[in-house]
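The block underneath contains the structure these notes are about, expressed in structure tokens.
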2 protein chains.
Amino acid sequence: MRPPGARGATLKDVADRVGVHPGTVSRALNPATQGMVNPDTVRKVQRAAKELAYRPNPMARGLKTSRSMTVGIIVPDITNPLFPPIVKGAEAVLTEAGYTCLIGNTDNDIHRERDVLEAFIGRQVDGLIVASAQLEDEVLRHAADGDRPLVLVNRRVEGARIPLVVGDDAGGMEMAVRHLAELGHTRIAHLAGPQFLSTGRARARAFRQSMHEFGLTVDPSLVLECATYSVEAGAAAAAALFEATDAASAPTAIACGNDQIAIGTYDVMRERGLRCPEDVSVVGYNDMPYVDKLAPPLTTIRVPHPLLGAEAARIMLRLLTGEDTATSVISLPVELVVRGSTAPPR
Amino acid sequence: MRPPGARGATLKDVADRVGVHPGTVSRALNPATQGMVNPDTVRKVQRAAKELAYRPNPMARGLKTSRSMTVGIIVPDITNPLFPPIVKGAEAVLTEAGYTCLIGNTDNDIHRERDVLEAFIGRQVDGLIVASAQLEDEVLRHAADGDRPLVLVNRRVEGARIPLVVGDDAGGMEMAVRHLAELGHTRIAHLAGPQFLSTGRARARAFRQSMHEFGLTVDPSLVLECATYSVEAGAAAAAALFEATDAASAPTAIACGNDQIAIGTYDVMRERGLRCPEDVSVVGYNDMPYVDKLAPPLTTIRVPHPLLGAEAARIMLRLLTGEDTATSVISLPVELVVRGSTAPPR
DNA sequence: TTGAAAGCGCTAACAG
DNA sequence: CTGTTAGCGCTTTCAA
């Protein structure tokens, strides 16, 4: 019985069939070295390879070249609708270039991130695209010192010079605040994402800044941090927000750190008999799938996630080929999508 | 520039440090062969390995053993909320067992499925878990003949003996129809999923059967097939359904092939001024994330997707170790989740 | 219990 | 243009 995996013709099989040396077959089949081979031989080799259904063994090749043609993509949670589009965008570009992608989940746990990273490095990935970064991420800061390209996407690491592709968090939050300000809101709350994530921090900072910009004051009791980017954490923060305010001090609008937080806010508002947008306007962030189907359809900031992934992959490719040595930082434009959850205050 | 160890210590480095032969180090480090080595030597080797931060090179190992410790998971679309939980469930089990997962998208295209499959086989994956099967899937039928374990999840292939893990489509649809029948509905429509997918076919068949079971007649004009499992296709079918019926012949309830179709149905009903559930009750299928946040919250059939993935992975593991040679078919129980989209007919 | 040696399939110098 | 050669890092006989 053949061991699992003992299959397929080898270079030598092809060589024998054509009557040449394996080295020649290798050259004939490799586009880069094909020029050094007699066109006639090339043709014969290609035909034989086809006939024998020859497929190069990437392990043998990798052992020799110490490249695996594999890129690892690390996401905090593949079941969070945010990340699959990023993965898909990256994968499309990488696959096109002949790379295969390994995908790893960290479950938002920095220790699991280390494990996944180790596993990927152990698998000899040629590069790493990481969407799970936390602001104080020693693991990544250290990984960036290695000799393996690392590209961050969606989230950044504090004080590390790592190539990066993000959505324009400052611009997005400014759009959200401007939209609410233009509707006439003045008491605007912010349910911020976790402050140990760059997106949470950047959006919170942008919230304050934009408020000032539009001549509005930030009431500290209207700015709360959610423990995570989840519906539950959003609901908890929203509940705390409404508990802490009375009719006079309550916000007329809420800018949420992401869409899940906005959904949690919807839930709490419903429980408390508050209507959206009549009593309180709500703005989300990300425009994840199906938020246009909520009641009311969620006004939110659309982040071009597939593009983020694709751009990160392109940077990776350039890093891999040595074309690019600079530490690029790309901030992609986002877009305000106005739906039914925002209206002028009453 | 390069931190010491970044280049990775080899077995020989460890051997040199301990003063033994590389073969001995290999045996000492491999749990299976560790018994043949002097415990003292084992300890010394392990210490040296740790000191040198030795990590076995999977390519070298794979070249020798012709196993890659890699399993490919193929899904039709990673951005469809259905599939990430399956992937996550499978990945958890496989990672635990020391395997790494490759994830591939087919974009619901049977040609891309072949490409991804080829790519994975070229990458020497030890086994394949496929969630993208179509009923007439020559590619998979052929792949099943190979010497590489193949496990199907969520969808099946007609007339092929391939191990399989699915949700209980017949049982789920029966629950949906029973629920509607018990509410008093008699004119029940079915917006079926694509009939070239096993889930679409199984649920449609179960719909008819359950209707008979509950003494209801199936009006052919109330059973329509959606071109795909998408919101758009669902909306198109729902529109056709309402176009083709008048006040007397219109359904009072609709059992949908999946949740996306139900969402499309919601959209069309809203456009036409039909209220849910007052005018028409709607039942979805899958219980994908956030359908409890729709207006009204969607009554649906919950499929335990993470479990499907986990079970498929367990079968794969057994196939890989040769423990299991039988072609297991596992049908996992599903559950009716009653929410706000169903009510007695008026 | 350990060492020696032979490759796994491929690439890349180096000859010819 | 093509053959030869020497490994990449590891496992696994076979001896000792």
Side-chain angles (χ1 to χ4, degrees), chain A residues 2-46 48-49 52-70 98 121-124 126, chain B residues 5-46 48-49 52-69 98 121-124 126:
Chain A
R2 274 198 306 174
R7 47 186 80 107
T10 76
L11 219 41
K12 182 165 183 312
D13 295 330
V14 180
D16 286 352
R17 172 173 262 245
V18 182
V20 296
H21 192 272
T24 305
V25 176
S26 173
R27 286 184 284 250
L29 258 23
N30 183 297
T33 51
Q34 203 167 280
M36 345 174 141
V37 177
N38 184 316
D40 237 44
T41 315
V42 171
R43 226 163 307 118
K44 277 192 282 188
V45 166
Q46 285 174 335
L52 294 174
Y54 168 74
R55 334 188 111 288
N57 182 327
M59 298 185 139
R61 193 207 299 269
L63 189 55
K64 187 67 194 172
T65 61
S66 67
R67 307 201 318 133
S68 62
M69 292 304 282
T70 293
I121 291 177
R123 308 288 306 176
Q124 313 288 112
D126 294 337
Chain B
R7 213 227 176 319
T10 77
L11 218 41
K12 182 163 182 313
D13 295 331
V14 179
D16 286 352
R17 172 173 265 244
V18 182
V20 296
H21 192 269
T24 304
V25 176
S26 172
R27 287 184 283 250
L29 257 23
N30 183 296
T33 51
Q34 202 166 283
M36 348 174 142
V37 176
N38 185 316
D40 237 44
T41 315
V42 170
R43 225 163 309 120
K44 276 191 282 188
V45 166
Q46 285 175 334
L52 294 174
Y54 168 74
R55 329 194 113 286
N57 181 326
M59 299 185 139
R61 193 208 298 271
L63 188 54
K64 189 68 195 171
T65 61
S66 64
R67 306 200 320 134
S68 63
M69 292 303 281
I121 291 177
R123 303 300 291 187
Q124 312 289 107
D126 294 337

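Here the structure is a predicted model, which means the values were calculated and not measured. Keep in mind that the numbers below use all heavy atoms, side chains included, and drop hydrogens, waters and symmetry copies.
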Can you check whether any acceptor in the base of C:dG9 is under 3.5 Å from a donor in the side chain of A:K64, or vice versa?
no
So, under a plain 3.5 Å distance rule, would you say the side chain of A:R27 forms a donor-acceptor pair with the base of D:dG3?
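A donor-acceptor contact between them is present.
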Tell me the closest heavy-atom pair linking [X] and [Y], and the distance in Å.
X      : Y     : answer
A:D126 : A:S68 : OD1-N, 2.9 Å
B:A28  : B:V37 : N-CG2, 3.9 Å
B:L29  : B:A49 : CD2-CB, 4.4 Å
A:D40  : A:N38 : N-OD1, 2.7 Å
B:A15  : B:P22 : CB-N, 3.6 Å

So which pairs with a foot in residues 21-37 of chain B pass salt bridge (charged side-chain N to carboxylate O under 4.0 Å, His left out), sequence neighbours left out?
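Residue pairs with at least one partner in residues 21-37 of chain B: there are none.
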If we only count heavy atoms from C-beta on, is the [X] to [Y] side-chain gap below 4.5 Å?
X     : Y     : value
B:R17 : B:L52 : yes
B:D13 : B:T10 : yes
B:T41 : B:V20 : yes

Spacing of [X] atom [atom1] relative to [N] atom [atom2], expressed in whole Å:
X     : N      : atom1 : atom2 : result
B:R61 : C:dG7  : CZ    : C1'   : 17 Å
B:R67 : C:dG9  : CZ    : C1'   : 18 Å
B:M59 : D:dT11 : CE    : P     : 15 Å
A:N38 : D:dG3  : CG    : P     : 11 Å
B:M69 : D:dC10 : CE    : P     : 16 Å

When you get a sec, tell me which of C:dA12, D:dT11, C:dC10 is the closest nucleotide to the side chain of B:T65?
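Given the options C:dA12, D:dT11, C:dC10, the side chain of B:T65 is closest to D:dT11.
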Among C:dG9, D:dT12, D:dC10, which nucleotide has an atom closest to any side-chain atom of B:L63?
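Looking only at heavy atoms from C-beta outward on B:L63, the closest nucleotide is C:dG9.
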Applying a 4.0 Å non-hydrogen cut-off, can you work out what A:T10 is touching in the nucleic acid: base, sugar-phosphate, or nothing?
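Contact class for A:T10: sugar-phosphate only.
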Hey, can you pull the residues of residues 29-37 of chain B with a non-hydrogen atom under 4.0 angstrom from DNA chain C?
B:M36, B:V37
With a cut-off of 3.5 Å and sequence neighbours excluded, list every side-chain donor-acceptor pair involving residues 54-63 of chain B.
unit_1 : atom_1 : unit_2 : atom_2 : d
B:R55  : NH2    : A:E118 : OE1    : 2.4
B:N57  : OD1    : B:M59  : N      : 2.7
B:N57  : OD1    : B:A60  : N      : 3.3

For DNA chain D, find the residues of residues 11-24 of chain A with a heavy-atom distance under 4.0 Å and give them by number; none if there aren't any.
A:V20, A:H21, A:T24
Report yes if a side-chain nitrogen or oxygen of B:S26 is closer than 4.0 Å to either non-bridging phosphate oxygen (OP1 or OP2) of D:dC10; otherwise report no.
no
Rounding to the nearest 10°, end axes of the helix from C:dT1-D:dA16 to C:dG16-D:dC1 built from five pairs each make an angle of 40°
Residue list, side-chain hydrogen bond (donor to acceptor under 3.5 Å, both in side chains) with A:D16, at least two apart or on another chain
A:K12
